Amino acid sequence: MEKLNIYAKKYQALESFYGWVDQGSDYNIAVEQSLYYDHNMEEIDKIIFNIIVATRFCRSGRKISEEFQSRLRDIIIRAKELEWQKYGLSDEEIEEINEEIEEAESLLF
């Protein structure tokens, strides 16, 4: 398996998401547009995308839609079950993604 570049994946997620926001989409609509138009994302990319975008909701104080909230619950469960080491992530990268997961999880409670 090829090493995952977590920083590149985070950048891609934010570029896609904020591209829609910059065009005038509400945050919740931008999430769905990104997923719709990037429908060929690999599973790991979808997990990272949803986690990273969820943290931006936290940081901006925005409320997430019920649809995103429902999907995020499943994503967080899968993200916590992943063996991030098998993707070649360093301990620091694993710590960073785990912090992002915890932050995203705060949206659910």
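The model shown is predicted, which means the values in this text are computed figures rather than measured ones.
Although no hydrogens or angles enter the test, the distance criterion places no donor-acceptor pair under 3.5 Å between the side chain of Asn50 and the main chain of Ile75.
Taking CD1 of Ile47 as the reference point, atom CG of Leu82 lies at 4.5 Å (rounded to 0.5 Å). Residue Gln69 holds its CD atom at 5.5 Å from CG of Leu108, rounded to the nearest 0.5 Å. Considering CD of Gln12 and OG of Ser34, their distance stands at 12.0 Å, rounded to 0.5 Å. Atom CD1 of Ile48 is separated from atom CD1 of Ile97 by 5.5 Å, given to the nearest 0.5 angstrom. The line from CD1 of Ile6 to CG of Leu89 is 5.5 Å long, rounded to the nearest 0.5 Å. One distance of note links CD of Glu96 with NZ of Lys10; it measures 3.5 Å at 0.5 Å rounding.
Among residue pairs with one or both ends in residues 58-79, those qualifying as ring-ring contact (aromatic ring centres under 6.0 Å, His included) are Phe57-Phe68; sequence neighbours excluded. The stretch residues 18-41 participates, sequence neighbours left out, in these salt bridge (charged side-chain N to carboxylate O under 4.0 Å, His left out) pairs: Glu32-Arg71.
Annotation: salt bridge (Lys or Arg N to Asp or Glu O under 4.0 Å) contacts of Glu43 (sequence neighbours excluded): Arg78. Applying the salt bridge (Lys or Arg N to Asp or Glu O under 4.0 Å) criterion to Glu102, with sequence neighbours excluded, gives no partner residue. Annotation: side-chain contact (heavy atoms from CB on, under 4.5 Å) contacts of Lys80 (sequence neighbours excluded): Ile76, Ile101, Glu105. Residues passing the side-chain contact (heavy atoms from CB on, under 4.5 Å) test with Glu95 are Glu99, sequence neighbours excluded. Qualifying side-chain contact (heavy atoms from CB on, under 4.5 Å) partners for Leu14, counting only residues two or more places apart in sequence or in other chains: Tyr18, Ile52, Arg56. Residues satisfying the ring-ring contact (aromatic ring centres under 6.0 Å, His included) test with Phe17, not counting sequence neighbours, are Tyr27. Residues passing the salt bridge (Lys or Arg N to Asp or Glu O under 4.0 Å) test with Lys9 are Asp45, sequence neighbours excluded. Annotation: side-chain contact (heavy atoms from CB on, under 4.5 Å) contacts of Thr55 (sequence neighbours excluded): Arg59, Glu100, Glu103, Ala104.
Grouping Ile, Leu, Val, Met, Phe, Trp and Tyr residues whose side-chain heavy atoms lie under 4.5 Å apart, directly or via other members, places Tyr37 in a hydrophobic cluster with Trp20, Tyr36. Hydrophobic clustering, defined by side-chain heavy atoms of Ile, Leu, Val, Met, Phe, Trp and Tyr closer than 4.5 Å, leaves Ile29 isolated from every other such residue.
Remark: Glu42 CD is loosely packed, at most 12 non-hydrogen atoms of other residues, nucleotides or ligands lying under 6.0 Å away.
Ile77 and Trp84 fall into different hydrophobic clusters, defined by Ile, Leu, Val, Met, Phe, Trp and Tyr side-chain heavy atoms under 4.5 Å apart, directly or through other members.
Across Ser65 and Asn28, no two heavy atoms sit closer than the pair N-OD1, 2.7 Å. When all heavy atoms of Leu107 and Cys58 are compared, the pair lying nearest together is CG-SG, 3.3 Å.
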